[in-house]
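Computed from heavy atoms alone, side chains included, the values below leave out hydrogens, waters and symmetry copies. Chain A is the first sequence line, chain B the second, and so forth, proteins listed ahead of strands; every chain is numbered from 1.
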Amino acid sequence: MIRFGLCCIFHSAPITFRRTTAKYLLSRPRGERLQRLSDICAHNAASLEAALRFCDAHGIGAFRINSQILPLKTHPEAGYEVQDLPGGHAIVKAFRRCGRLSRRLDIRTSFHPDQFILLNSPRPEVVERAMADLRYHAQVAAWVNADVITIHAGGAYGAKEDALARLSAAIALLPSDIKHRLTLENDDRMFTPRDLLPVCRAAGIPLVYDVHHHRCLPDGLSVRKATDAALSTWRREPLFHVSSPRFAWGTGPCGPHHDYIDPVDFPKEWCEHTVTVEIEAKNKELAVLKLIEDLASPDRR
DNA sequence: AGCGGTCAAGTTGAT
DNA sequence: ATCAACTTGACCGCT
């Protein structure tokens, strides 16, 4: 019933994703720059294939792809087009191969662009950069067969309702290849499921319900009510997030994630449905495998 | 070989 | 006014 998802990287399995920094890259001559980017992108395509095969071999049904799979792709100075890299064509082919593999193995893939992607900023240049980043995500998503690109609602800028109205307006203007993959996630500081559900319904965008964020920032909805409401926003298999807090309630900040998931934190309401649940835990694949085991054992909780 | 400092981006809230 | 937290390692560069 439940498809468990691994987020971005591995704890123990020898599968790594390379990155680089703009500062270092821009210190190198142009030829070397493009060669290095090519090496990294080719490595990451091969690692994505290995990641999909690992998931298949271990009963993990979903994999979140790190946004830096093509590092610095949309950077204002260090950014590039993949076809301009040495061997760029082969790199795209390798990603398309991952897409076919994900279909064949039925490993669902997703993206979760980071906190700088803000569709509701009052600053037009911030929104334009966010759009450029979403265009990049949608392009790679098409290659690798990812059906979900999850973002947060953004900032409140002192007026939540206005911020949500700007978000709705920005979503309405998105090209369809972005919009039909875009999803909104409740965060742990500002926007709750109750805030986002109307936006999701009006825009036809699914809600990625993060139950840990909801526990950090409650809104009066029970887990069951939020779950049911989130489920109703999906026209395909729903996707949720779960994590356990690093610090016990009241003994530290709510945000940081634990190494593993305490099965008690996994909403029993979710078990009645066919859903994807991405596991946000520091020990990565070890945490996913342990949770699968813990939830399968009859004497849990 | 090992380790410490650094890394594109925006916003919030603690100090 | 300044700066860490978000996440979170990977990688460069120095010893």
Undergrad: For A:Y157, is the NZ or CZ atom of A:R166 found under 6.0 angstrom from the centre of its six-membered ring and inside 45 degrees of the ring axis?
TA: yes

Undergrad: Can A:H241 and A:E278 be counted as having a side-chain donor-acceptor contact under 3.5 angstrom?
TA: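 On atom types as modelled, these side chains qualify, holding a pair under 3.5 Å.
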
Undergrad: With centres under 5.5 Å and planes under 30° as the test, does A:F116 stack with B:dA9?
TA: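 Yes.
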
Undergrad: Are any of A:Y24's side-chain N or O atoms less than 4.0 Å away from OP1 or OP2 of B:dC7?
TA: no

Undergrad: Between B:dA8, C:dT8, B:dT11, which one does the side chain of A:H257 approach most closely?
TA: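 For the A:H257 side chain, the nearest candidate turns out to be C:dT8.
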
Undergrad: Please work out if A:A78 contacts a base, only the sugar-phosphate, or nothing of the nucleic acid, heavy-atom cut-off 4.0 Å.
TA: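 A:A78: no heavy atom of the nucleic acid under 4.0 Å.
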
Undergrad: Could you state the CG-C1' distance from A:D114 to B:dA8, rounded to the nearest angstrom?
TA: 9 Å

Undergrad: When the P atoms of C:dG9 and B:dT11 are compared, how many Å lie between them, rounded to an integer?
TA: 26 Å

Undergrad: Counting only heavy atoms and a strict 4.0 angstrom limit, can you tell me which residues of residues 29-54 of chain A come near DNA chain B?
TA: none

Undergrad: Parallel, tilted or perpendicular for A:F10 and A:F54, by the 30°/60° rule?
TA: perpendicular

Undergrad: Rounding to the closest angstrom, what is the interatomic distance between C:dT2 and B:dA8 at atom P?
TA: 22 Å

Undergrad: Pick the P atom in C:dT8 and in B:dG5, then give their distance to the nearest Å.
TA: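 To the nearest whole Å, 23 Å.
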
Undergrad: Quick check for you: among C:dT8, B:dG13, B:dT11, whose closest atom lies nearest to any side-chain atom of A:R123?
TA: B:dT11

Undergrad: For A:C8 and A:R18, take the nucleotide of DNA chain C holding the closest heavy atom to each; which residue's nucleotide lies nearer the 5' end?
TA: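 The 5'-side residue here is A:C8.
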
Undergrad: Tell me whether A:D39 is salt-bridged to A:R18, with the criterion being a basic N under 4.0 Å from an acidic carboxylate O.
TA: no

Undergrad: Can we call the ring centroids of A:Y209 and A:H214 under 6.0 Å apart?
TA: yes

Undergrad: Would you kindly say whether A:T192 and A:D195 are connected by a side-chain donor-acceptor distance under 3.5 Å?
TA: yes

Undergrad: Can you tell me the distance, in whole Å, between the CG atom of A:L118 and the P atom of B:dT12?
TA: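 Rounded to whole Å, this separation is 9 Å.
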
Undergrad: Over how many whole Å does the gap from A:R19 atom CZ to B:dT6 atom P extend?
TA: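 Atom CZ in A:R19 sits about 16 Å away from atom P in B:dT6.
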
Undergrad: To the nearest Å, how far apart are A:Q68 CD and B:dT6 P?
TA: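 A:Q68 atom CD is separated from B:dT6 atom P by 19 Å.
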
Undergrad: Could you pick out which residue, A:S27 or A:T16, lies toward the 5' side of DNA chain C when each is mapped onto its nearest nucleotide?
TA: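 Looking at the nearest nucleotide for each, A:T16 comes out on the 5' side.
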
Undergrad: Taking the side chain of A:R129 as its heavy atoms from C-beta onward, which of C:dA10, B:dT12, B:dA9 lies nearest to it?
TA: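 Taking heavy atoms from C-beta onward, the closest nucleotide is B:dA9.
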
Undergrad: Over how many whole Å does the gap from A:H258 atom NE2 to C:dT8 atom P extend?
TA: 15 Å

Undergrad: Please determine whether a side-chain nitrogen or oxygen atom of A:K284 lies at a distance below 4.0 Å from atom OP1 or OP2 of C:dT8.
TA: yes

Undergrad: If the plane angle is over 60° it's perpendicular, under 30° parallel, otherwise tilted; pick one for A:F111 and A:H137.
TA: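 Aromatic pair A:F111/A:H137 classed perpendicular.
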
Undergrad: Going by side chain to side chain donor-acceptor pair (under 3.5 Å), A:D259 matches just one of A:R246, A:H11, A:K282. Which one?
TA: A:R246

Undergrad: Can you figure out which of B:dG13, B:dA9, C:dG9 approaches the side chain of A:R189 most closely?
TA: B:dG13

Undergrad: Taking only the C1' atom of each, what is the distance from C:dC6 to B:dG4 in whole angstrom?
TA: 23 Å

Undergrad: In whole angstrom, what separates A:L25's CG from C:dC11's C1'?
TA: 12 Å

Undergrad: Nearest whole Å is fine: how far is C:dA4 P from A:Q115 CD?
TA: 15 Å

Undergrad: Rounded to whole Å, please give me the gap between NZ in A:K23 and P in C:dC12.
TA: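 Distance, rounded to whole Å: 14 Å.
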
Undergrad: Give a yes/no answer on whether the side chain of A:S121 brings an N or O atom under 4.0 Å of OP1 or OP2 in B:dT11.
TA: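 Checking B:dT11 against A:S121, a side-chain N or O does come within under 4.0 Å of OP1 or OP2.
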
